[in-house]
Trainee: 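Before anything else, here's the structure in question.
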Amino acid sequence: MNVKKLLAVIIALSFMIMPFTMAYAAADAAGVMASPLAAISATQGADKAIASPQKVFVDGREVRVEAYNINGYNYFKLRDIARLLSGTKSQFSVDYDAGANTIIAKTGEAYQPVGGELSIGADKSAACASSNWVFKVNGLNVNASKYIIGGNNFFKLRDLGTAFGFAVAYDSSKNAAVITSGKISLVFNDSNYAVKTSDFEGKTIAYRAYENIVYVSNPVDADYEVMNIYIPEEYFGGKSIGNYNAETAPIFFPNMVGGYMPAKPGSPGVDNAGNPNAILMALSKGYVVAAPGARGRTLQGENGTFTGKAPACIVDLKAAVRYLRYNDEIMPGSAERIVSNGTSAGGALSALLGATGNNADYAPYLEEIGAANEPDDIFAASCYCPITNLDNADTAYEWLFNGINDYDFRGTKGTLTEDQIKVSNQLKAMFPAYLNSLGLKKADGTALTLDLNGDGTFKDYVKSFVIASAQKALDNGTDLSGLDWITINNGTVTDIDFEKYAVYATRMKPAPAFDALDLSSFENSLFGTAAVDNQHFTKFSQENSTKDGSIADAKIIKMMNPMNYIGTEGTTTAKYWRIRHGAVDRDTSLAIPVILATKLENEGFDVDFMLPWGQGHGGDYDLDELFDWIDRITKK
Ligand code: DHB
């Protein structure tokens with residue numbers, strides 16, 4: 001719960017004990033009447049209302065109801081909507097406390113009419129001011145957009161939809177707003193849990209498990225757009241764990257996405273060796289855990305259309321973040337301290353979540369699935385081997401592996417064909433222009449660049465991370481004497497042969513590594529559409545496609561790459577970053593995480609970046625260090 005929201009609750013509560021003014025109660029007719037006090041204190045906004053020209057359908061039935069359009073959205077009186085939905089699964093009751101300027105609604109309760117509902121008077125759009133009334137649903141202070149028009153509170157329909165669990169869509173053929181009841185309310189139900197325990201290092205950890213909570217009001221796939229929320233039992237008894245309590249505990253937000261596939265939410269457990277997983281470890285340290293599921297590239301609806309192609313996976317994770325912010329006031333843990341974690345494709349999504357907070361590009365997708373109308377920026381992103389920057393990953397891969405022709409692709413060994421070698425040469429030659437276009441700098445201001453051969457300060461910089469990794473291994477007693485590509489003088493790693501390093505790491509993927517010319521890669525599948533399973537996402541591969549493949553929408557390609565958003569206007573990029581890429585991980589080029597980390601640093605973000613020695617493609621292998629990092633940044 002954040003302090004600002006807590007204050008708002010206290011202020012609202014203090015208003016509620018003021019005497020209830022009967023005069024205002026009598027005025028509460030078809031809507032929730034605003035008190036003169038509220039009307040005066042409401043700021044006269046620049047927003048203009050017009051009587052909505054749209055038709056309205058509720059569960060397929062056309063209804064007549066007073067509505068105004070403000071900034072492209074429909075606004076309705078609460079009592080009208082309550083009346084229309086009474087008897088459906090989305091029904092809700094309405095009460096109010098005029099003295100406290102508070103409107104009170106409860107989900108699942110039948111609506112009691114007060115008279116005057118659904119009456120349509122004259123057009124009152126001339127008098128429109130933003131409303132400062134408090135709106136409470138099941139006790140939660142809901143952040144809904146509302147205006148006072150002709151003395152009544154009018155609510156943004158979409159915000160009512162997320163609170164009461166109905167979908168709002170636009171039917172252009174009928175120019176109609178379409179309301180469908182029986183969806184999901186996003187108001188957290190704190191009694192919907194099971195107490196569970198796990199053993200951890202001789203201790204029993206008890207926590208409340210809220211599992212498979214749907215985090216959008218209008219899910220495309222309710223098997224995946226769900227979250228498991230785990231809260232240490234101590235926080236319900238007012239206790240602390242270490243330095244954390246119910247107010248301050250960070251929310252650990254691990255996604256389980258791999259291969260850009262659909263992912264179910266994770267749960268506390270141990271691995272084969274009996275080591276606790278990240279979720280169990282987080283609980284033991286007093287974190288609240290919110291483990292989101294997300295749609296992925298292979299998901300299909302009943303009619304066979306694809307329902308999880310890009311940008312579904314990142315849209316879902318953002319929606320889950322919004323759910324946590326929406327309910328911050330009533331859920332233990334601080335939604336101002338959400339720390340995302342993921343590996344590989346999941347690491348890429350963690351980076352994308354961290355980079356793109358609140359950016360408007362994702363808003364239409366979030367609206368469509370009924371995500372809460374809340375910010376979606378996060379505090380920190382932990383990214384293990386992020387398979388990211390996909391539209392530049394092919395050139396980066398050949399910059400590193402050009403000249404190495406043998407590959408071992410998930411067990412399939414092969415040698416590049418003549419054509420593939422030509423492709424490798426072409427892609428390698430394209431990388432310097434991209435890298436130079438980024439204008440990256442070292443901490444000391446040195447420009448990071450490459451010449452036409454791919455040599456230059458950037459290459460030396462990438463080398464420096466491998467050198468640092470080898471040095472750390474050496475300092476920890478690892479025997480590096482058998483590696484002829486490492487130069488060691490008196491216990492100091494002074495140089496590496498970069499070309500030999502690449503041979504040592506080995507090539508995994510043929511060229512192009514990501515945007516396969518035959519549309520066969522994970523990423524081709526990620527960039528498909530509802531109707532097309534696989535598409536290209538680079539101009540090069542589309543032009544050289546062996547399958548006459550189409551290319552994904554440019555906006556969607558943009559939305560899947562964190563590089564386009566870091567520190568940009570209209571975006572709230574996470575302040576803290578931890579990026580790990582194994583020193584022998586060849587699922588993507590070493591250049592990719594180096595570029596990501598450097599861009600973040602150059603834009604002023606706090607980055608902890610390393611290449612763990614001997615580590616291949618994987619994540620969560622250094623949990624003590626991961627949680628030490630989170631403890632450190634939350635103290636800052
Ligand atoms: C993953 C690995 C890859 O090599 C890739 O291209 C995409 C995703 C993964 O492990 O998630």
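Indexing begins at 1, ligand by ligand and atom by atom, following the structure's order. All values reported here derive from a predicted model rather than from experimental measurement.
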Trainee: Give the numbers and elements of all ligand 1 atoms closer than 4.0 Å to a heavy atom of Glu523.
Mentor: 5 (C), 6 (O), 7 (C)
Trainee: Does Ala345, backbone or side chain, put an N or O under 3.5 Å from an N or O of ligand 1?
Mentor: yes
Trainee: Please indicate whether Asp271 has more than 12 foreign heavy atoms, meaning atoms of other residues, nucleotides or ligands, lying under 6.0 Å from its CG.
Mentor: yes
Trainee: Taking distance alone, with N or O pairs closer than 3.5 Å, would you say His617 contacts ligand 1?
Mentor: yes
Trainee: Quick one: are the ring centres of Phe609 and Phe465 less than 6.0 Å apart?
Mentor: yes
Trainee: Do Tyr230 and Tyr287 make the cut of ring centroids closer than 6.0 angstrom?
Mentor: no
Trainee: Tell me whether Tyr260 has any N or O atom under 3.5 angstrom from an N or O of ligand 1.
Mentor: no
Trainee: Cation-pi check, Lys318 to Tyr362: give yes when NZ or CZ is under 6.0 Å from the six-membered ring centre and within 45° of the ring axis, no otherwise.
Mentor: yes
Trainee: Among all the protein's non-hydrogen atoms, which is closest to atom 3 (C) of ligand 1, and how far away is it?
Mentor: Arg410 NH2, 3.1 Å
Trainee: Please list, in number order, the atoms of ligand 1 under 4.0 Å from a heavy atom of Phe522.
Mentor: 5 (C), 7 (C), 8 (C)
Trainee: Which ligand 1 atoms, with their elements, are less than 4.0 angstrom from a heavy-atom of Ile387?
Mentor: 5 (C), 6 (O), 7 (C)
Trainee: Using 0.5 Å steps for rounding, measure from the CZ atom of Arg580 to the CE atom of Met610.
Mentor: 4.0 Å
Trainee: Cation-pi check, Arg337 to Phe379: give yes when NZ or CZ is under 6.0 Å from the six-membered ring centre and within 45° of the ring axis, no otherwise.
Mentor: yes
Trainee: Could Glu523 and Arg297 be called an ion pair, given the rule that one side-chain N must be under 4.0 Å from one carboxylate O?
Mentor: no
Trainee: I need the atoms of ligand 1 closer than 4.0 Å to a non-hydrogen atom of Gly258, numbered in the order shown.
Mentor: 11 (O)
Trainee: Are Trp399 and Tyr434 an aromatic pair, judged by ring center distance below 6.0 Å?
Mentor: no
Trainee: Show me which atoms of ligand 1 lie under 4.0 Å from any heavy atom of Asp587.
Mentor: 2 (C), 3 (C), 4 (O)
Trainee: Considering Ser521, Cys385, Ser344 one by one, which has a heavy atom nearer to atom 9 (C) of ligand 1 than any of the others?
Mentor: Ser344
Trainee: Would you say Gly259 has any N or O atom under 3.5 Å from an N or O of ligand 1, going by distance alone?
Mentor: yes
